[in-house]
Number of protein chains: 2
Amino acid sequence: MEINTAISALGALAQEHRLAAFRLLVRVGEDGMAAGDLARSLAVPHNTMSTHLSVLSQAGLITSQRNGRSIIYRIVPDVMRDLLGFLADDCCQGRPELCGIAVPGKTSTSTCC
Amino acid sequence: MEINTAISALGALAQEHRLAAFRLLVRVGEDGMAAGDLARSLAVPHNTMSTHLSVLSQAGLITSQRNGRSIIYRIVPDVMRDLLGFLADDCCQGRPELCGIAVPGKTSTSTCC
DNA sequence: TATTTATTTCCATATGTCTGGAAATATCGA
DNA sequence: TCGATATTTCCAGACATATGGAAATAAATA
């Protein structure tokens, strides 16, 4: 993962409503959720939520797809996985105990280190 | 990890110079690094770097300790580990394949799920 | 076509962040 | 005590972000 990709993903998640929306989308999985339902669920005005969703979208963390009058948002699993891998990467260069996570399929071994 | 802790940690890392400083501190490990050395290494003015270090510090990601004229900064491994766990948490509630990481010691099993 | 529903875009305001010059504080060595 | 070194704090300008009212766009339905 490129450093600028990581920065915009971290920045996108570093906001109360966006983090909440992202976590909700993660939980609902590939069914996704309409913009209006997200706004209602999180008690955020629709236009404000729309702005936040576009930030998450531009960071590549979610995608949108029109379905009739609604626009369905879904997470992009790969980007989240890459971000976790990116954050874990450094500590695994020499000091695995600092990160304490394992990333399957990262290399030949079954841990990130 | 509390949600506000996560937000400030994410926000602290979502900036070019801070992310670079943090990653450098992760790489040097518990030896840590002086504020001036960090500024020089990353080609950032000392006062600007000082501000960034205080943001990382307030987010709990690093700590400081005076050593003579220098102030040594070190990462706080637990907070990084907690943040990774926090981000991984949601996707592991039902959709482990989305997160693709394992957090040892998370529960009784050896993976986060 | 007109109406309702769903969402986005436009816009202005308020607030927060990034930056670096200059001054203040702290420590060491002479 | 003085000067040099290391770092922080203060400050102000430039820029970016968050918010929500109002209008615009898009789609379904009658």
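Naming convention: chains lettered A, B, ... in sequence-line order (proteins, then strands); numbering from 1 in each chain. From a predicted model like this one, the values you see are computed outputs, not experimental measurements.
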A.B. asks: Pick base, sugar-phosphate or nothing for B:Ser54, based on heavy-atom distances below 4.0 Å to the nucleic acid.
C.D. replies: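 Since no nucleic acid heavy atom lies under 4.0 Å of B:Ser54, the category is nothing.
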A.B. asks: Starting from A:Val55, can I reach A:Val44 by hopping between I/L/V/M/F/W/Y residues whose side chains sit under 4.5 Å apart?
C.D. replies: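 Looking at the clustering, A:Val55 is in a separate group from A:Val44.
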A.B. asks: Knowing that exactly one of B:Thr63, B:Leu56, B:Leu53 qualifies, which makes a side-chain contact (heavy atoms from CB on, under 4.5 Å) with B:Tyr73?
C.D. replies: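 Result: among B:Thr63, B:Leu56, B:Leu53, B:Leu53 is the only option passing the side-chain contact (heavy atoms from CB on, under 4.5 Å) with B:Tyr73.
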A.B. asks: Starting at NE2 of B:His17 and ending at C1' of C:dT19, how long is that distance when rounded to a whole Å?
C.D. replies: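 So the NE2-C1' distance, B:His17 to C:dT19, works out to 9 Å.
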A.B. asks: In terms of side-chain heavy atoms of B:Gln15, which of C:dC18, D:dT19, C:dT7 is nearest?
C.D. replies: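 For B:Gln15, the side-chain atoms sit closest to C:dC18.
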A.B. asks: Measure CZ/B:Arg69 against C1'/D:dA6 and give the value in whole Å, please.
C.D. replies: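 That distance rounds to 7 Å.
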A.B. asks: Base, sugar-phosphate or nothing for A:Arg40? Non-hydrogen atoms, less than 4.0 Å.
C.D. replies: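 Nothing, no heavy atom under 4.0 Å.
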A.B. asks: Please report, rounded to the nearest Å, how far the P atom of D:dA6 is from the CG atom of B:Leu38.
C.D. replies: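 Interatomic distance, CG of B:Leu38 to P of D:dA6: 14 Å.
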A.B. asks: Does a side-chain N or O of B:Tyr73 approach OP1 or OP2 of D:dT8 to a distance below 4.0 Å, or not?
C.D. replies: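 Result: yes.
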A.B. asks: Nearest whole angstrom, please: distance from the P of D:dA22 to the NE2 of A:His46.
C.D. replies: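 My rounded result for the distance is 11 Å.
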A.B. asks: Toward the 5' end of DNA chain D, which comes first, B:Ile71 or A:Gly68, by nearest nucleotide?
C.D. replies: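 Going by which nucleotide is closer to the 5' end, it is B:Ile71.
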A.B. asks: Would you mind telling me which of D:dA6, D:dT8, D:dT19 lies closest to the side-chain atoms of A:Thr48?
C.D. replies: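 Closest nucleotide among those given: D:dT19.
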A.B. asks: B:Asn47 has an atom CG; how far is it from atom P of C:dG20, in whole Å?
C.D. replies: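 Roughly 8 Å, once rounded to whole Å.
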A.B. asks: Applying side-chain contact (heavy atoms from CB on, under 4.5 Å) between A:Leu24 and each of A:Leu42, A:Leu19, A:Asp37, A:Ile75, report the one that passes.
C.D. replies: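 Only one option passes, and that is A:Leu42.
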A.B. asks: CD of B:Glu16 versus C1' of C:dT19: gap in Å, rounded?
C.D. replies: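 It works out to 13 Å between those atoms.
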A.B. asks: Between B:Ser70 and C:dT27, is there a contact of a side-chain N or O with OP1 or OP2 at under 4.0 Å?
C.D. replies: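 No.
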A.B. asks: Looking at A:Met49 and A:Ala35, what are the two nearest heavy atoms and their distance?
C.D. replies: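 Between these two residues, the closest heavy atoms are CG-O, 4.1 Å.
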A.B. asks: How many Å lie between CD on B:Gln58 and C1' on D:dT8, as a whole number?
C.D. replies: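 The answer, rounded to whole Å, is 13 Å.
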A.B. asks: Between B:Arg74 (side chain) and B:Glu30 (backbone), is there a donor-acceptor pair under 3.5 Å?
C.D. replies: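 Between the backbone of B:Glu30 and the side chain of B:Arg74 there is a qualifying donor-acceptor contact (under 3.5 Å).
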A.B. asks: Determine the contact category for A:Ala39: base if any of its heavy atoms lies under 4.0 Å from a base atom, sugar-phosphate if only primed atoms, P, OP1 or OP2 are that close, otherwise nothing.
C.D. replies: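 A:Ala39: no heavy atom of the nucleic acid under 4.0 Å.
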A.B. asks: May I have the distance from B:Arg66 (atom CZ) to C:dT27 (atom C1'), rounded to whole angstrom?
C.D. replies: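 So the CZ-C1' distance, B:Arg66 to C:dT27, works out to 7 Å.
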